[in-house]
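In this text the structure is predicted, and so the values were computed from the model without any measurement. Throughout, numbering of the chain's residues begins at 1 and tracks the sequence.
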Amino acid sequence: QVHMVESGGELVQAGAFLRLSCLASERTFNNYAMGWFRQAPGKEREFVAGITWSGGSTTFADSVKGRFTISRDNAKNAVYLQMDSPKPEDTAVYYCAAKVAPTLTYAYWGQGTQVTVSA
């Protein structure tokens, strides 16, 4: 079983800088495409950003394009989400997830880290 732990979430003011980290328990994690999701109060969980297993391709939700960056360091079993100029509407619990074969679905999830952005 792959275990993932998110960290880096905190209370910040709008326009501050944050980097969230997702660390996996084993290197098998490096074979999976990874994604970041978030869930705000009263909202459904939504996709934020994704990255291929090799780190060669990334995708972003329209709401965060130009502000967030996803990256990975497979040597450290880690995936990162850089949040540049976060806004109050970015307030949510952020989760990392691993997309696995053969279903090609996000099957493994971390417990989440809270990000709160004040005006």
Practice task
Test Y106 against V100 for side-chain contact (heavy atoms from CB on, under 4.5 Å), laying out the working first.
Solution key: CA-CA 6 Å; Y106 287 102; V100 302; over 6 Å; no
Practice task
Say whether R38 and Y94, considering side chains only, have a donor N or O and an acceptor N or O under 3.5 Å apart.
Solution key: yes
Practice task
Could you tell me whether the side chain of I70 reaches within less than 4.5 Å of the side chain of V79, counting heavy atoms only?
Solution key: yes
Problem - Side chains of M34 and F29 in contact at under 4.5 Å (non-hydrogen atoms) - result: yes
Handout entry: Side-chain touch L20/T113, heavy atoms, less than 4.5 angstrom
Key = yes
Fill in the blank from the handout: dist T52:OG1 -> K99:NZ (nearest 0.5 Å) comes out at 10.0 Å
Practice task
Report yes if the side chains of T91 and Q114 come closer than 4.5 Å at any heavy-atom pair, otherwise no.
Solution key: yes
Handout entry: Note, M83 side chain near F68 side chain (heavy atom, < 4.5 Å)
Key = yes
Fill in the blank from the handout: Nearest heavy-atom contact between Q13 and V117 is C-CG1, 4.0 Å
Handout entry: Min side-chain heavy-atom separation R72-N74 under 4.5 Å
Key = yes
Practice task
Please say whether more than 12 non-hydrogen atoms of neighbouring residues, nucleotides or ligands are located less than 6.0 Å from CZ in R27.
Solution key: no
Practice task
State, to 0.1 Å, how close V12 and P86 come at their nearest heavy-atom pair, and which atoms those are.
Solution key: CG2-CG, 4.3 Å
Practice task
For T116 and L11, indicate whether the former's side chain and the latter's backbone hold a donor-acceptor pair under 3.5 Å.
Solution key: no
Fill in the blank from the handout: For F47 and T59, the nearest pair of non-hydrogen atoms, with its separation, is CZ-OG1, 3.4 Å
Practice task
Output, in order, the C-alpha distance, side-chain angles, deciding distance and verdict of side-chain contact (heavy atoms from CB on, under 4.5 Å) for T69 and D84.
Solution key: CA-CA 8 Å; T69 302; D84 191 10; over 6 Å; no
Problem - Minimal non-hydrogen separation, W36 against C22, with atom names - result: CZ2-CB, 3.7 Å
Problem - Ring-ring centroid check F37 Y95, cutoff 6.0 Å - result: no
Problem - From CA spacing to verdict: side-chain contact (heavy atoms from CB on, under 4.5 Å), E6, W109 - result: CA-CA 10 Å; E6 303 95 333; W109 296 80; over 6 Å; no
Completion exercise
Closest non-hydrogen atoms of P88 and S118, given as atom of the first, atom of the second and distance, are CG-C, 4.4 Å
Completion exercise
Rounded to the nearest 0.5 angstrom, the SG-OH distance for C96 and Y80 is 12.0 Å
Handout entry: Side chains of Y32 and Y108 in contact at under 4.5 Å (non-hydrogen atoms)
Key = yes
Exercise for the section: Would you check if the side chain of R67 reaches a backbone N or O of S85 as a donor-acceptor pair within less than 3.5 Å? Expected result: yes
Exercise for the section: Flag the pair D62 and K65 as a salt bridge only when some basic side-chain nitrogen lies within less than 4.0 angstrom of an acidic carboxylate oxygen. Expected result: yes
Practice task
Find the distance between CD (Q111) and OG (S7) and round it off to the nearest 0.5 Å.
Solution key: 13.5 Å
Problem - Any E10 side-chain heavy atom under 4.5 Å of L18 side chain - result: yes
